[in-house]
Structure formats: structure tokens, C-alpha cells
Amino acid sequence: MSTIKIRFPDGQEKEYPEGVTAGEIAEGLGAGLARAALAALIDGEMVDLSRPLSQTGEIRLLTFDDPEGREVLRHSTSHVMAQAVQHLFPGVKLAIGPAIEDGFYYDFDVPQPFTPEDLTRIEEEMGRIIAADYPFLREEVSREEALRLFAERGEKYKVELIVDLPAGEPISLYRQGDFLDLCAGPHIPSTGKVKHFKLLSVAGAYWRGDEKRPMLQRIYGTVFAKKSDLEEYLRRLEEAKRRDHRRLGRELDLFSLQEEAGPGLVFWHPKGGLVRQLIEDFWRAEHRRRGYEIVFSPHIAKLDLWKISGHWSWYKENMYSPINIDEVEYLLKPMNCPFHILMYKSATRSYRDLPLRWGELGTVYRYERSGVLHGLLRVRGFTQDDAHLFVRPDQLKDELVGVIDLAQFMMESFGYQNYELMLSVRDPENKTKYIGSDEVWEMAEKALVGALQTKGLPYVLGEGEAKFYGPAIDITLKDALGRGWQGPTIQVDFNLPERFDLAYIGEDGQPHRPVMIHRTVLGSMERFMGGLIEHYAGAFPLWLAPVQARLLPITERHHEYAYSVQKRLQEAGLRVEVDPRSEKVGYKIRQAEMEKVPYMLVVGDKERDLGQVAVRQRQQGDLGPMGVEDFLSKARAEIGEKR
RNA sequence: GCCGGCGUAGCUCAGUGGUAGAGCAAUGCACUCGUAAUGCAUAGGUCAAGGGUUCAAGUCCCUUCGCCGGCUCCA
């Protein structure tokens, strides 16, 4: 029998008889690894551990610690779930069951939707399947064979999937026990490898995400290699629930949505309004510092304007019905760009005038389907921190660098240290669905790439992610729990300058077409605040806290002193309250802690006599007594650093 | 919009066809208190809205509205 050489990630090479499986190799390396191994990467291809190796190559054994290994376990668990569902609901039709971030799902066509009690039963049945430790068996079949197998089982979704598989693609099936599924694999060796799983929720989902097709029942679940990891994950879900901005918004009295007014319309209460103002003030100051000019534009405009801009044809389903004013139809604005363009056109622009950077906190209204509304994150009226830059082609790259720099500065000011960038470009397969010549797209993409390189920022390429009018950079923020939030977006636009026939007079005395950059760094005040509330769990840093300090007099005889300290701190610019109620200090502290007031200043006889305050920091506890002026400098330093 | 769940006091929630409840919050009174809840009392409800079944509906049925979890889309 001939031998083959297998190289390991550490560079070591070992000889094995031809036909050895990845699983056998793992066993040879140690029982621990053999137990942890879920699949293998052979020369970059993911395969089952049972796959025999026929030639020399490179191997990497995948465990739950590898992203690929996690994917395999999640995917296999979805098969186990599907098997359980098949046992409990005979006649169920299978759709698809992929691994997703943090878990997996499987879509089923069942006459009756699943109930939460069903999930428990399914989990129990999964437990039996796992205990039976069925091996996952792979087989490859012809297209005809696959079609026959699934057609006779009535699996119409699988049949549709097989029909759509590209010709020449091998068709593989996986079996475990009495369960058979169409699947590319790979899978874990046997169902017994599924250890710590939980089914989380059930929801409707359209077959292939298409609302014209049947509504299926989707069950979401998650699985981990270690019990502690599953528990940690479930804890994180609880923590996310605790931080939910809708809950904190009510508890901290920041904002509300009112049924009487209509869904998706936000009411900013005084405290939330204050935080928003602080953010906006900071935003305006920073923009002015960077050469932006702040503008204002109306909320409605003639329908004709939206026809010229193209919104009436390609954005109509998100716009509200026209309002008739003196026999002329007007539309509520869903975007600010046409207005800034009209302002641009109000004068002849010289190449010397460019770049123009016009920013606006512009409130727009968009129709969103009722089922998608969500707290502050998805609403029908919102204020974008919008800006449009009108630039010469030769200025494009530098301006993009400037925008990225501003975006970075703003994100970091709000405590977002981690973010991911995506360069959204055309779909190379289908260039016809985009406006503008190849030349101009290439110029814009080059400018975007150049800007990213100048900033030294890593990014992923999103092919086909561009809007039809130009490429873009989209930034995803990572919050304190590691969750992603839509952050700044920077779009290059060739379309609108064209449609509105924008021009500037060049050095040559001839008109030239400017390029537009649309950009937002916060997104919208609503969505940004929603994210920020969750990021900080409602405990805003001192510079953003609606109430920065609360004075807690111990008895009525300390009220006079408390008010005098309040006056001093207010004069210094701090937002300070006094809690004069005849309650015990413990009660007042509890209340201030729950309201997430950053500093509690306890004042009694000692403090009054020494001109001090006893400082308690939110979530930290008692910091001891301090002179009033000392506290003030401490607070000022903290505000200055935005921490 | 679609599928499913939910809607009882400001909030969190009990209430299994027979007189609408609790805790917290609010208000009043007493207490004058030293780092996460002082005690007592009072008030607070067209049980989301509308219709139906029934001797009787918070409870069963229908419709509408809203919210929640998803699908799709996006700031």
C-alpha cells in the first residue's frame, strides 16, 4: 500500500497510508483532539472527518475554536433539529437549514405553526437523537437519483433546490439514522458530538425570502462545545435585553412612541432631548471646525422636484402621498439631497468655490412597512446628520479622506473603538444596472480605495453592494456587547449632478460636472441614540448625562448648603439637581443609581462645615469627601475627555 | 405588508364565564435619617377599540389598532 505525506499547520509532516481518514489522523495525534475535532480542512477544502485522503496534502483539523468548525457544528445541529421535527411532525416538508452567526435555523413547511411548547418537545427529541449517536453518512448521487429520492418523499423545496443547482456540481446527500437531507456538508462525525444546544425562537419566514412565496416556519437555535459557553451566550442575550433602548428609554424617561400619534414617530422627552441636543451641538461645532457650512431646508417640495431627482420613480414606495396645496402637489421629503442641489444651483459656481461642504440635521419622512418598525432603530420620521460635498474630480480623494477622518473622530468620541469598513462596489457580473461610465466608476472606486489606504484602514470588498448611482464606504460599529450597528456611510454620486445638470466653471472657462459625496456619520439622530443607549446601557458618560450630579442632603437642615453647592456647580456649567425629599440617604442613592446619575453628592454636617461634598460615583461607590472646587475640576476633566 | 405571539392602573404582572387585584411609582401624613428601598394612609381601571355569543365576558368568537419575534428593506 502506498503512503501519502500530510503536512500540519505547524509545518510538521507525517506519512500515512493512502486512504487514511482525517478522523484517524486526529486520533493518532491524541484523544483530546480526536474528541474535539468536528471536521477538517484539506488543502483549503472543508471535508468530513470520515473522508479518506488519497494524496499528499495539507490538513487542518477544525474544532469549535475555529470559525469553520463552529459553522460545521451549527449546521449539523440544524440537521439534528430537522430530524427531531420530522419525528414529531410527520409530513413536514424541509426547506433549508444553514448555520448563521451565533447559531443556526431550519425552515419547515408545516400546516400548524410551532408553539413554544413544541420547541421543548423538539429539544427532548433532539436529546434522544444525540444519545443514539447516529453517524452522519455522506453519499454522492446523480441529479436524477437526487430528484427521484426527494420527489418520492414529497420534498418539493429540496426538488426545487436540486433543479437550481448548477450543472456539473456534485450532488451530495447526508444521512443520520432515518433522516436524509440534501446537503453539501461537511458534517460532524455523528450526532453524539452535539453537546450543548438550545432552541431559541420560532418565526415565520418566506421561502427564499420572497414574500410572494409560501410562508415557512423557522426555528432558531444555538449550539456550543462547552456548557459554560452556552450559558455565557444566554447570559449575553439577557444582558442585551436589559440594555434594550426601548426599555431604557422608558425607564430613564428619554423618549416615547405614542399610539395616539402613530407608529414610528418619536417623542423626545426633556432628558432624551437634552442628550440629543448635546450630541447635535458637538456635531455642529466639529463640522464647522472642519470647514462644513450648516444649512437648513424645507420639509416639503413640489412633486416635480422629486421627479427630476428620480426619487418619484425609484423611491416611490418609501414616500408618502402627495399633499395638494393650491392645486399643486407637494411631497414630504424622504431625503435632503435635492434641496442642497437647488442651493448649489442658486449661483454660478467657480472651481475656486469647490469643495462645498454643506451639512444639515435634516428631518425626513419615509414610509416603512408596519412590521419593520422597531423602537428608535426603524422609524418613519427621523433626522439625518446629512451632508453633501460638491467636489471637483481631482478633489474627490482628499475629500473622502476628510470624511473618513471625521467619521472616525465622531465614532471614537462616542466610545466606539471597534468598527468594520466595507467598500461597496458594482457587481462585476452585471454592470448594466448602474448609471455612469466605466471610466467614472473606476475613478470613484480608485478614489475610495486611495482614501482608505491613506487612512491605513482595512476593509472588506462588497461586490454588488453599491447603490446604482455610485460606490460607497459603509461602516459598521461594534458596541460594548460586540454587536454591529449601522454606522457612517459615504457614497459617491454621479447620478444627481447629471440629472440636475450641475456645473462649475473651470480654469478653462468651460462648465464641468462636479461629483457629489453624500455622507452621514451618525446615520440618524434616532438610530444613533438607540445604539448609544444600548452601548452605554443607559449610563451615559458625564458629558452626555442629562443629570450630571445630584446633591443628596441628609436632613432638612442641609438643604440650604445643598442649594448653595448646586448654584456654584450650575454656574460652572454642570447639570445638577438637589433631592430635597425627606427620605433616607440610602433611598435617594438607590434612586439616583437607577436613574444612572454619574455623581451623587451627599452633604451633611461635616461637608457643610468643611465646604465639601461626599462624592459617590455611579456603579463605583463612595469616593470620600472632596472640596467643592476639587469635585468641579475632576468633573471638568472627565467632561473634557468625554469618558 | 406577511406568519406567529401579546395588549388588565404610570411601570412590572396576577386574575381558568359569576363583585377587577398585587408590588413598585404617584399623592398625603409621620419620621430628620450618613452611601442601593422608613412606616402608615389615600387615590388611581370605558381590562387596546368596536362588534358578537351568553342569564352573565377581562376571560369565548370576529374585526380593527398597537406592540413583540422574524421574513424583506434600510438612516
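Since we're looking at a predicted model, the values are computed, not measured. Naming: A, B, ... by sequence-line order, numbering from 1 per chain.
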Can you say whether the rings of A:Tyr563 and A:His559 are parallel (under 30°), tilted (30 to 60°) or perpendicular (over 60°)?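 The arrangement is perpendicular - the two ring planes meet at more than 60°.
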Within residues 257-266 of chain A, find the residues that approach RNA chain B with a heavy atom at under 4.0 Å, and present them sorted by residue number.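 A:Glu259, A:Pro263 - these, ordered by number, are the residues of the stretch whose heavy atoms sit under 4.0 Å from the strand.
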The side chain of [X] is closest to which nucleotide in this list: [options]?
X        : options                : value
A:Met215 : B:rA75, B:rU35, B:rG70 : B:rG70
A:Arg616 : B:rC71, B:rG70, B:rA36 : B:rA36
A:Glu593 : B:rA36, B:rA75, B:rG34 : B:rA36
A:Arg581 : B:rU32, B:rA26, B:rC68 : B:rA26
A:Arg366 : B:rC74, B:rC33, B:rA36 : B:rC74
A:Gln384 : B:rU38, B:rA75, B:rG70 : B:rA75
A:Ile554 : B:rA75, B:rG1, B:rG34  : B:rG34
A:Arg250 : B:rU12, B:rA26, B:rG34 : B:rU12
A:Arg590 : B:rC71, B:rA37, B:rA75 : B:rA37
A:Thr555 : B:rA75, B:rC33, B:rU35 : B:rC33

Could one point to a donor on the side chain of A:Glu211 or the base of B:rU72 with an acceptor on the other under 3.5 Å away?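 Per atom types, no contact qualifies.
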Residue met sooner reading RNA chain B from 5', once A:His374 and A:Gly586 are mapped to nucleotides: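 The residue closer to the strand's 5' end, by nearest nucleotide, is A:Gly586.
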Which is more 5' along RNA chain B, the nucleotide nearest A:Gly621 or the one nearest A:Pro113? Just name the residue.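 Checking each residue's closest nucleotide, the 5'-ward one belongs to A:Pro113.
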RNA chain B in dot-bracket form (Watson-Crick or G-U pairs under 3.5 Å, [ ] crossing, | inter-strand) is (((((((..((((....[..)))).(((((.......))))).....(((((..]....))))))))))))....
Euclidean distance for [atom1], [N] against [M] (whole angstrom):
N      : M      : atom1 : result
B:rU64 : B:rG4  : P     : 13 Å
B:rG50 : B:rA57 : C1'   : 15 Å
B:rC61 : B:rC6  : P     : 11 Å
B:rU46 : B:rA41 : P     : 26 Å
B:rC55 : B:rA22 : P     : 33 Å
B:rA43 : B:rA75 : C1'   : 45 Å
B:rC40 : B:rU53 : P     : 49 Å
B:rG34 : B:rU27 : P     : 24 Å

Looking at [X] and [Y], would you say the former's side chain and the latter's main chain have a donor-acceptor pair under 3.5 Å?
X        : Y        : result
A:Glu123 : A:Leu199 : yes
A:Lys93  : A:Lys156 : no
A:Arg243 : A:His535 : yes
A:Ser78  : A:Gly97  : yes
A:Asp405 : A:Gly402 : no

Any base atoms under 4.0 Å from [X], or only sugar-phosphate, or nothing? Heavy atoms, all strands.
X        : result
A:Gln617 : nothing
A:Gly209 : sugar-phosphate
A:Gly523 : sugar-phosphate
A:Glu583 : base
A:Phe382 : base
A:Val364 : nothing
A:Asp386 : nothing
A:Ala614 : base
A:Lys606 : base

Just N and O in the side chain of [X]: are any of them under 4.0 Å from OP1 or OP2 of [N]?
X        : N      : answer
A:His558 : B:rG34 : no
A:Ser582 : B:rC31 : no
A:Tyr220 : B:rC71 : yes
A:Tyr587 : B:rG39 : no

Side-chain donor-acceptor contact under 3.5 Å, [X] with [Y]:
X        : Y        : answer
A:Ser256 : A:His269 : yes
A:Asp107 : A:Trp207 : no
A:Thr520 : A:Asp385 : yes
A:His245 : A:Glu534 : yes

With respect to A:Phe414, which candidate in A:Phe528, A:Tyr536, A:Trp283 satisfies the ring-ring contact (aromatic ring centres under 6.0 Å, His included) definition?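 Exactly one candidate clears the test, A:Phe528.
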Within a radius of less than 6.0 Å around CD of A:Glu317, do more than 12 heavy atoms belonging to other residues, nucleotides or ligands occur?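 Yes.
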